[in-house]
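On a predicted model such as this, the values are computed, not experimentally measured, just so you know.
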Amino acid sequence: MLKQMAWLPSGDVDSAKILHLRTESTQPWQPYSAFSEYAVTDYDIEGISKGFATFQKLLREGWLLVPSEQT
């Protein structure tokens with residue numbers, strides 16, 4: 001299983017980046033919230049990106065962070 005993460009635009013008007021995941025190279029990037037088996041509750045702190053708690057968890061589990069310009 002591929003274990004990749006990337007910070008990509010959310011698609012909202014404010015264009016804030018949120019964590020996206022990919023578990024298969026042939027699949028498109030999806031928001032972390034689409035992966036209930038990996039996602040954890042977001043921090044309730046203003047200014048923290050959506051998905052940061054999940055990012056920290058998955059990073060400790062060996063997931064690879066892919067620079068957004070390489071997605």
Side-chain angles (χ1 to χ4, degrees):
M1 177 181 78
L2 191 66
K3 296 179 176 182
Q4 293 183 329
M5 307 180 285
W7 292 100
L8 301 173
S10 64
D12 293 339
V13 175
D14 66 5
S15 71
K17 290 188 177 184
I18 64 168
L19 186 66
H20 283 68
L21 306 177
R22 188 165 70 163
T23 57
E24 300 288 335
S25 61
T26 58
Q27 297 297 316
W29 290 94
Q30 296 183 46
Y32 72 102
S33 56
F35 294 88
S36 60
E37 65 271 39
Y38 305 119
V40 296
T41 303
D42 283 321
Y43 298 123
D44 189 20
I45 302 172
E46 188 173 332
I48 299 292
S49 297
K50 295 290 186 186
F52 188 68
T54 299
F55 166 76
Q56 290 179 312
K57 172 190 175 249
L58 296 179
L59 192 61
R60 286 191 299 269
E61 293 178 4
W63 284 59
L64 177 67
L65 178 61
V66 177
S68 56
E69 50 281 340
Q70 292 180 13
T71 59

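Atom CE of Met5 and atom CZ of Phe35 lie 12.5 Å apart (nearest 0.5 Å). Once rounded to the nearest 0.5 Å, the distance linking NE2 of His20 with OG of Ser33 reads 8.5 Å. Separation of atoms CG (Leu19) and CH2 (Trp7) is listed at 4.5 Å; rounding is to 0.5 Å. In this structure, Arg22 CZ and Leu8 CG are separated by 9.5 Å, a value rounded to the nearest 0.5 Å. The distance from atom CG of Leu59 to atom OG1 of Thr54, rounded to the nearest 0.5 Å, is 12.0 Å.
Linking ILVMFWY residues whenever their side-chain heavy atoms come closer than 4.5 Å, directly or via other members, places Phe55 and Met1 in the same cluster. Hydrophobic clustering (ILVMFWY, side-chain heavy atoms < 4.5 Å, transitive): Leu64 and Tyr32 are in distinct clusters. Residues Leu65 and Ile48 share a hydrophobic cluster, clusters being chains of Ile/Leu/Val/Met/Phe/Trp/Tyr side chains in contact below 4.5 Å. Side-chain heavy atoms closer than 4.5 Å link hydrophobic residues (I, L, V, M, F, W, Y) into clusters, and following such links, even through other members, never connects Tyr38 to Leu2.
In terms of heavy atoms, Pro9 sits closest to Lys17 at N-CG, 3.9 Å. The nearest pair of heavy atoms linking Val66 to Ala6 is O-CB, 3.6 Å. Of all heavy-atom pairs between Pro31 and Ile18, the closest is CB-CD1, 4.0 Å. Trp63 and Gln4 get closest at one heavy-atom pair: CE3-N, 3.5 Å.
The side-chain contact (heavy atoms from CB on, under 4.5 Å) search around Gln27 returns Glu24, not counting sequence neighbours. When the salt bridge (Lys or Arg N to Asp or Glu O under 4.0 Å) test is applied to Lys57, the partners found at least two apart in sequence or on another chain are Glu61.
By the neighbour-count criterion of 12 heavy atoms within 6.0 Å, atom CD of Glu37 is densely surrounded, having more than that number from other residues, nucleotides or ligands.
With hydrogens and angles ignored, the 3.5 Å screen pairs a side-chain donor or acceptor of Ser10 with a backbone N or O of Ala16.
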